[in-house]
Chemist: 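Dumping the structure here so I can ask a few things about it.
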Amino acid sequence: MTLQEYTASAHNFEECMKCTICTAYCPVVPVNPRYPGPKQAGPDGERLRLKDPYFFNKALKYCLNCKRCEVVCPSGVKVADIIQAARIKYDRSKPKIRDRMLAGTDFMGTLARPFAPIVNGMTGLGATKAVLDATLAIDRHRTFPKYSAHGFEGWLKRHAREQAKFERQVAYFHGCYVNYNFPQLGKDLVKVLNALGVGVQLLEGEKCCGVAMISNGMTREATRHAQHNVSVLQKAVDKGLTVVTTSSTCTFTIRDEYPELLKVDNAGVRDALVLATRYIYQALESGAATLRFREDYHARIAYHTPCHLEKLGWGLFSQELLKMIPGVEFILLDSNCCGIAGTYGFKKENYEASQAIGKPLFDQVEAVNPDFIACDCETCKWQLEMSTGYTVKHPISILAEALA
Amino acid sequence: MRFDTVIIGGGLAGLTAGITLQEAGRKTVIVSAGQNALHFFSGTFESTEAERERITEFFVRAGIPVHFQDGQRLMPAGTFRPAALSLEDVTLFPQTPVSSKALIVNFSGFHDFFTAFLAEGLEKNGTTCRICTLDLPEMEHLRLSPSEMRSVNIARVMDSCWEKAVADIRVMHKDEDLILLPQVFGLKDASIPGKILAALPARAAFIGTMPPSVPGIRTQMQLKRRYEILGGTFLMGDEVTSAAIHDGVVSSITTRNLDTSRIFGEYFILASGGYFSKGLAATPVQVVEPLFRLDVAFEEDRNGWYRQDFFADQPYMDFGVKTDADLHAVKDGQPLKNLFAVGSILGGTRPDFGSAAGLALRTAFAAADAITTSKPQE
């Protein structure tokens, strides 16, 4: 038994050297002076909270959980995990109805989808936006993601037989966005993977990854989703399947937030879950397959790395794939948060901060003036499209449209 | 993934090697476990005459104006140190006393700039000092979190309203021939410090604050941007977990984030820094290089690692990874053929003379040159 075993803390706060580098890179600190910054909210505050929960500070809710503090920390302290774990442990306030609605992405999707044309029409109306703003404090500037009348799951089920013909198979964790809002991304993935000789199948009943529940204080619900998803993923792993994803945040949540914040053991499935861009890059690199691209494809693409992809460290796979396409002029945008942070930017009280956080990124996009933006995250897409006017495409969709 | 050169460490040494190799058309990757010692950078490299032109041009290409000027740099406690190559906003003085009267300006509530120490030190050298504080309404909101009234937060505000600070200082200024300000200007825009120096009614200098260093962060951001524009791959927040070595040659590494996707390289550069950056680690009985388990030169007797006098030269600062004359790192007594060790991991730097930056630059250039001039391996 070493001394370290007695003194070690969750998320290693005692290794903080107080260098303040995290605070220098926190996107919230410059725009919200009520937020004490990651060093104060994380390791410094933890020292006090361990003495007495009285020292829990409600201002911790301003943390975006973007994890940029962890990416820059020279000492490997899990700063954002300390902050989020403290919110889970000490915050006794109940989530509002608005927060429950925003966080319940698959519940809301299930309700809305059968009435998609009506719902889309309604949420697009200025009057509806004003009502949502006044009653639920969902900011009127926001455009709600459109619901798709036909879900991705149904589409893939209808194509299950032809997908089963491929010798090599992967399972796909599509997430709420692909199923309820944008099935085309899932179809694009199927097209690209099929071109590589790989068939795509559904998991046996995935649920929302729960990221929005975690950030809205619905820990119990999030934990139930996590346990369910781990068991569903385990079934795929037991069949020897790799599970691909297209959402960087779902991937990050299942791999890292489940064990770190929800204490749900994912050891059996963690390594089997990969972003499709990584899976495709590796397939091409190993020489197991090739992709043929159109000769007439031309695009000037500005790539934005989402915060959670930056934390995963897998941005290079998306970047390298885009660079492989002949006729692509690739521009890597500077590492900046877009400000939306999932449901954070939808809340009226955060709207201004959200836009201020994203401003350096919006300004750079405007200066670069690309044909469109590439990005692996659905909420970054909404934010960038609303705030810059440029179209945002997922790297997988770009590959699909560039295929010969 | 395969690269010509894999660089471990994203500080000044790693970025200098990476940029130099990318400029020579090589494909490189930098793996960086968090941010680095540039965040504690004073703005001055070291007193050196060597490679002046090359170093100046290197920084100018990255949009970082530097100047060579032999002289004395004024330290935060009012003492002087010799310096030469510096960022443009570091004022160097030819001799002491530097002035007869100095105006020291601080921001109200900013505790990381010690005006009383500065004044005391200067007065020992014959300079009369007057201390004034600035209060700008634009900075009021920073007071909501008084513990976070820090250099970077002030610099963000100053990026947009430095002209108001200058106007206030002009009012405060009487007959002083020197104005001293904390180094909190030009976080994103490197031209601001120069504009301030030009707009003030007397000679002025920016004095270092407690970390993080504003000119250091600016330098880091500009070098990283330059590296990425040249096509380099920067893996921020990742760390190397293992290395494969066969017959004295490093073939690949793994990282925490990329786990099973090995990174292969023809050459490897270890720029993982000193003790703070964990390039070197001290156990109770030895000093080790944790990644490749390279040979480290250190004093066997632990009692000889440090001296009682805190301000004396500390022997542990001299410990570092062993290399041959061409900077090939040595493992088990044999130099590894394609692994170069550069920067603070070599030891022997003296923080009080800023020589860590000079060592980083010089050794990074040497390793990059060795790689670009050598024949491809079989």
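The sequence lines fix the lettering, A, B, ..., with proteins before strands; numbering per chain opens at 1.
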Chemist: Is it the side chain or the backbone of A:Arg68 that comes within 4.5 Å of chain B heavy atoms, both, or neither?
Modeler: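 Contact with chain B involves no heavy atom of A:Arg68 at all.
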Chemist: Check whether B:Thr260 gets within reach of chain A through its side chain, its backbone, both or neither, counting any heavy atom under 4.5 Å.
Modeler: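 Answer is both: backbone and side chain atoms of B:Thr260 are under 4.5 Å from chain A.
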Chemist: Treating A:Thr20 as the side-chain partner and A:Thr23 as the backbone partner, does any N or O pair qualify as donor plus acceptor under 3.5 Å?
Modeler: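 Not at all, since once roles are kept as given, no pair shorter than 3.5 Å links the two residues.
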Chemist: Heavy-atom pairs under 4.5 Å with chain A are the metric here; pick the option from B:Ser151, B:Ser261, B:Ala37 that has the most.
Modeler: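 Maximum pair count with chain A is reached by B:Ser261.
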Chemist: If I measure from the heavy atoms of chain A, does B:Phe40 come under 4.5 Å with its side chain, its backbone, both, or neither?
Modeler: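 The side chain, not the backbone.
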Chemist: Could you tell me which non-hydrogen atom of A:Val368 sits nearest to which non-hydrogen atom of A:Arg300, and how far apart they are?
Modeler: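 So the minimum-distance heavy-atom pair works out to O-NH2, 2.6 Å.
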Chemist: B:Asp238 versus chain A, heavy atoms under 4.5 Å apart: side chain, backbone, both or neither?
Modeler: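 When you check distances to chain A, no heavy atom of B:Asp238 falls under 4.5 Å.
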Chemist: As a test of understanding, state which of A:Asp44, A:Ile82, A:Asn57 forms a side-chain contact (heavy atoms from CB on, under 4.5 Å) with A:Arg49.
Modeler: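 That would be A:Ile82.
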Chemist: Relative to the ring of B:Phe113, is the ring of B:Phe110 parallel (under 30°), tilted (30 to 60°) or perpendicular (over 60°)?
Modeler: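 Geometry flag for B:Phe113 against B:Phe110: parallel rings.
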Chemist: Do you know which of B:Glu239, B:Met236, B:Arg256 has the most heavy-atom pairs under 4.5 Å to chain A?
Modeler: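 Most heavy-atom pairs within the cutoff with chain A belong to B:Met236.
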Chemist: Could you check whether B:Arg226 pairs with B:Glu23 (Lys NZ or Arg NE/NH1/NH2 to Asp/Glu carboxylate O, under 4.0 Å)?
Modeler: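 Salt bridge between B:Arg226 and B:Glu23, a charged N being under 4.0 Å from a carboxylate O: yes.
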Chemist: Heavy-atom pairs under 4.5 Å with chain B are the metric here; pick the option from A:Pro360, A:Ala59, A:Pro30 that has the most.
Modeler: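 Most heavy-atom pairs under 4.5 Å with chain B: A:Pro30.
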Chemist: Contact part of B:Gln220 toward chain A, heavy-atom cut-off under 4.5 Å: side chain, backbone, both or neither?
Modeler: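 It is the side chain, since no backbone atom gets that close.
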Chemist: Can you say whether B:His39 sits under 4.5 Å from chain A via the side chain, the backbone, both, or neither, judging by heavy atoms?
Modeler: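 Side chain of B:His39 only, per the 4.5 Å heavy-atom cut-off to chain A.
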Chemist: Looking at A:Glu285, A:Lys39, A:Arg278, A:Gln319, which has the largest count of heavy-atom pairs under 4.5 Å with chain B?
Modeler: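 When all of A:Glu285, A:Lys39, A:Arg278, A:Gln319 are compared, A:Arg278 has the most.
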Chemist: What part of B:Met1 gets within 4.5 angstrom of chain A, counting heavy atoms only: side chain, backbone, both, or neither?
Modeler: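 For B:Met1, the contact with chain A is made by backbone and side chain together.
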Chemist: Are the side chains of B:Arg302 and B:Val285 in touch, meaning some heavy atoms are under 4.5 Å apart?
Modeler: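 The answer is no, as the side chains (C-beta and beyond) never meet within the 4.5 Å cut-off.
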Chemist: Taking the six-membered ring of B:Phe264, is NZ or CZ of B:Arg2 closer than 6.0 Å to its centre and within 45° of its axis?
Modeler: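 Relative to the ring axis of B:Phe264, which defines the angle, B:Arg2 lies inside both limits.
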Chemist: Between A:Lys78 and A:Glu70, is there a side-chain N and carboxylate O pair less than 4.0 Å apart?
Modeler: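 Answer for the salt bridge query: no.
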Chemist: Non-hydrogen atoms of chain A under 4.5 Å away: do they reach the side chain of B:Arg143, the backbone, both or neither?
Modeler: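 No part of B:Arg143 comes within 4.5 Å of chain A.
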Chemist: Where on B:Ser277 is there a heavy atom nearer than 4.5 Å to chain A: the side chain, the backbone, both, or neither?
Modeler: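 When you check distances to chain A, no heavy atom of B:Ser277 falls under 4.5 Å.
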Chemist: On a heavy-atom basis, which atom in B:Pro76 and which in B:Gly208 lie closest, and how many Å separate them?
Modeler: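 Minimum heavy-atom separation between B:Pro76 and B:Gly208: CG-O, 3.6 Å.
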Chemist: Is B:Leu235 close to chain A through its backbone or its side chain, or both, or neither, when contacts mean heavy atoms under 4.5 Å?
Modeler: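 B:Leu235 touches chain A through side-chain heavy atoms alone.
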Chemist: Decide yes or no on salt bridge (charged side-chain N to carboxylate O under 4.0 Å, His left out) for B:Lys224 and A:Asp334, but give the supporting numbers first.
Modeler: CA-CA 10 Å; B:Lys224 177 171 179 267; A:Asp334 290 345; over 6 Å; no
Chemist: Given a strict heavy-atom distance threshold of 4.5 Å, which part of A:Phe330 is in contact with chain B: side chain, backbone, both, or neither?
Modeler: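 Neither part, no heavy atoms under 4.5 Å.
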Chemist: Please classify the contact of A:Leu312 with chain B as side chain, backbone, both or neither, using a heavy-atom distance under 4.5 Å.
Modeler: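 The backbone, not the side chain.
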Chemist: Do you know which of B:Val152, B:Leu187, B:Asp259, B:Asn257 has the most heavy-atom pairs under 4.5 Å to chain A?
Modeler: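 Between B:Val152, B:Leu187, B:Asp259, B:Asn257, the count favours B:Asn257.
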Chemist: Check A:Lys67 with A:Asp81, please: is the shortest side-chain N to carboxylate O separation under 4.0 Å?
Modeler: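 Salt bridge present between A:Asp81 and A:Lys67.
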Chemist: Would you mind checking which part of A:Cys73 comes under 4.5 Å of any heavy atom in chain B, side chain (CB onward), backbone (N, CA, C, O), both or neither?
Modeler: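 The backbone, not the side chain.
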